[in-house]
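In what follows, every heavy atom counts, from backbone to side chain, and hydrogens, waters and symmetry copies are set aside. Values in this document were obtained by computation on a predicted structure and should not be read as measured data. Chain identifiers are assigned alphabetically (A, B, ...) following the order of the sequence lines, protein sequences preceding nucleic acid strands; residue numbering begins at 1 within each chain.
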Amino acid sequence: MQEKYNFKEIEKKWQDKWESSSLNSVKEDLQKEKYYCLEMFPYPSGNLHMGHVRNYSIGDVVARFKMMRGFNVLHPMGWDSFGLPAENAAIKNKIPPATWTMDNIQNMKDQLKSMGISYDWEREFTTSLPDYYKWTQWLFLQFYEHGLAYKKKGHVNWCPDCATVLANEQVVNGACERCDTPVEKKALDQWYFRITDYAQELLDSLEDLPGWPDKVKTMQENWIGRSEGAEIYFTEETTGERIRVYTTRPDTAFGVTYVVLAPEHPMVERFIEGTEYQQPVRDFVKKVQQMSEIVRTSAETEKEGMFIGAYVLNPVNQEKIPVWVANYVLYEYGTGAVMGVPAHDERDFMFARKYQLPIRLVIQPFDTEITEDTEVNPQEITEAYVGEGIMVNSGSFNGLTNQEGLRKIPEYLEKIRAGKMKVNYRLRDWLISRQRYWGAPIPIVYCEKCGAQAVSEKELPVILPLDVEFRPTGESPLNHIAEFLHTECPKCGGPARRETDTMDTFVCSSWYFLRYTDSQNAEEAFKREKADYWMNVDQYIGGVEHAILHLMYARFFTKALADFGLLAAREPFQNLLTQGMVLKEGTKMSKSKGNVVSPEEIIKQYGADTARLFILFAAPPERDLEWSDQGVEGCYRFINRVWRLVYSYKEELNNNSASFLDTAVSSEEDKNLKRLLHGTIKKVTEDLDLRFNFNTAISAIMELVNGLYHYREKKPQNKNLLQESMEALIVLLAPFAPHLSEELWEVIGHTESVHFQSWPKYNEEALKVEKVEIVLQINGKVRERLIVPAAIDRVALEKMALSTEKAKAAMADKQIVKVITIPDKLVNIVLK
RNA sequence: GCCGGUGUGGCGGAAUGGCAGACGCGGCAGACUCAAAAUCUGUUUUAGGCAACUAAGUGGGGGUUCAAGUCCCUUCACCGGCACCA
């Protein structure tokens, strides 16, 4: 052992030893309770950033702690390596995406290894390699066979910059989440996963996830957007065509004064064809469609519309009402058509007033006089009444509360076959095709005779060609590779053309946690027994930016795969920890702001243990963390302090066999140290086990170290007590600073890894104190502190408190109202 | 607009309704040193006082309670999510 802490030497030494002894490789073991600890796997951008360091440091503490608590811990790592950056880099640097990606992985893997994280690297995989994406394709076929993957033509989100379509979840405020370019709408034939089939279960089973932050569950709830209401059919007079309308307010059906179609609604064209409305309506529709998505869907955008020359009958009262087209109706939601009830809906109200459409009151507030006026002068009322009330002007429903109407009108509609109750979701099906090269090819071929055909399982994987040339247009090179494109129809053997779209990378990451349970399996995606042994993930850790996208897709996949009979679990992640961002100068680190701190540099300068310790100590995990160079210095100092402490005792500690944590103590110093030691074990254990409060766990360890320095100064030197204190200190520190702990453990004479030690247990007896400090309050203000024997009874304590000089003085001219006595804590004398 | 989160010393942050500010950073002082760095020790919410001590104090206002950073109401600021979803 060297007097000086040499992290470079130590960290390298142990990383090599751990790797060569496969310290972290794990197998199914029915004798032990399993624990699956998972951090979100990274996209291999080439360099680790501080967000990764935080994510993986947190995960490593959890994994190591659980291991020392006797669990069989699975803690794997891999690479989410398909995706657009590789293509962009390829175009820019003329390097094939595969090469760029694999180089990045190598680099990031080296960086990860330098952090000393307890990954079972034998389970590593790379999603862009055929041995993984073969199974992504195989799963696509499972979805296809079960009717959960389908192709349809629709108005899809197109990012002109990325030259590909996007899922709804990847559009943020009308712009591409990746590059912020405003998205456009395009009519394209695309592949979808039927996630809407699982909308209700995805919503309901959020209740089975008490270990998820409410914030994330609420976000998913909002995203799924369930609403209850009714569909109502309005019939066109001459053609008999039915316009289906979705509403959450069927109780206001008698107040409908017009019906509005979305500009994209196919009936618009059918109604106007050959009429005088044809040209102006077409012009209007075109104008709306040219608006950017951001403008069009903004609530502030002026509502505009146009009568299209058609009339429909309101099924509840047979009234003839006009059909309009308007910019505020979304084709994607509900039925793409709405009924206009200006009196009871704010948007309809503004629209009706602008175009002088009639406004009819059908719900009256409970406390107003019932009126018989069926129509209101638009100038007379100033806003829509959206609250509860009594139904009026509603035929036989008059006098009911609108709550009753919400149920009875759909019942009536159903009886006359003009509508039905309907639950609606905001959630759309997941668009998974991408017009990009660097992704898993969709295993479908198109035959002129047989149409779209699934590639047979035997033919998997559909290999992504690596020798490709990129076009400046951004078009996928797959469209121009004849060997890839031309193939045979699996059904008739005739000529067929391959699908050139690839899958959204979120498909790859929707099942990767299952692959870890059996990552080297060449025959199957994973063996069911292995998946069932390890699943669910007990603790999942990652950034909150995936609250909807990845976390909902993964839940969908798990449920679907369970339904296919591939595994038992219906939820992937039992507990979720969403870590906060790492900030510098109050904002997120970014190249453009020039406030990036490189993990590589920090590790080079201070070592991995210091970097890990700082990032865990500086803030609780779910909160944002402000980077502080001085804070890092502080942690480095602490580690050196531990080093020097152990070094100063290395002679005494070596070869001394104490009976661990059970030393008898007699002197005051010894008792204090023993109490501190056991208190620290208790605090650190509870902080890790119950709360993930790594910051306070570390501060408790710091206090123990301070205590040991003070003990040393008094020179009482109970060797057994020292031995057990040092050993416990090193073991407690092991999940946070694994290299330092391993080295010190060896220094004090151990041959087995510190990471195989079981977590120390504290002794309740040792925590007991003989004397406690009691706070004496008078009228709630602290006036005195008393040292009294611990566990003194209430009456005696009260007596002691009342006999103090302070109490007597205060009581001299006052009366006692009452005395509150909390044993071992305080006495509060209330005076008047 | 709706939903959620956060707000505590100079800074990061601690506090099962029971001593606000643990621990760390920074500052100040002492020891060691020829000196500095490093290290060790002490000190550090603010105001007043030589001091014992006193008063104020957890974004603002109000309330419940013997006792509130913590519970309730209200309000402000910042951050995040959703938002013409019928």
- Message: Show me the pairs that pass salt bridge (Lys or Arg N to Asp or Glu O under 4.0 Å) and involve residues 224-233 of chain A, at least two apart or across chains.
- Response: A/R226-A/E228, A/E231-A/R244, A/E231-A/K422

- Write out all pairs satisfying salt bridge (Lys or Arg N to Asp or Glu O under 4.0 Å) with one or both partners inside residues 681-696 of chain A, taking only residues at least two apart or from two chains. A/K66-A/D689, A/R69-A/D689, A/K682-A/E686, A/K683-A/D687, A/D687-A/R691

- Note on the structure: Protein-proximity profile, nucleotides 80-86 of chain B, B/S/- by nucleotide at the 4.0 Å heavy-atom cutoff, equals -SSSBBB

- Task: Between B/G26, B/A22, B/C66, spot the one nearest the side chain of A/V830, thanks.
- Result: B/C66

- Does B/A56 have OP1 or OP2 sitting under 4.0 Å from an N or O in the side chain of A/K781? yes

- Message: Pairing check on B/G30: which nucleotide meets the Watson-Crick or G-U wobble criteria with it, both distances under 3.5 Å?
- Response: B/C40

- Can you tell me the Watson-Crick or wobble partner of B/C85, both distances under 3.5 angstrom? none

- Classify the side chain of A/K4 and the base of B/U39 as holding, or not holding, a donor-acceptor pair under 3.5 Å. no

- If you measure only the distance, is there a donor-acceptor pair under 3.5 Å linking the side chains of A/N222 and A/R426? no

- Message: What's the separation between atom CG in A/L740 and atom CG in A/L613, rounded to the nearest 0.5 Å?
- Response: 9.0 Å

- Query: Ring centroid separation for A/F694 and A/F692, is it under 6.0 angstrom?
  - Reply: yes

- Mind checking whether A/Y258 and A/Y355 have ring centres under 6.0 Å apart? no

- Query: Mind checking the C1' distance from B/C84 to B/C79? Whole angstroms is fine.
  - Reply: 26 Å

- Query: If the C1' atom of B/G12 is compared with that of B/A22, how far apart are they to the nearest Å?
  - Reply: 13 Å

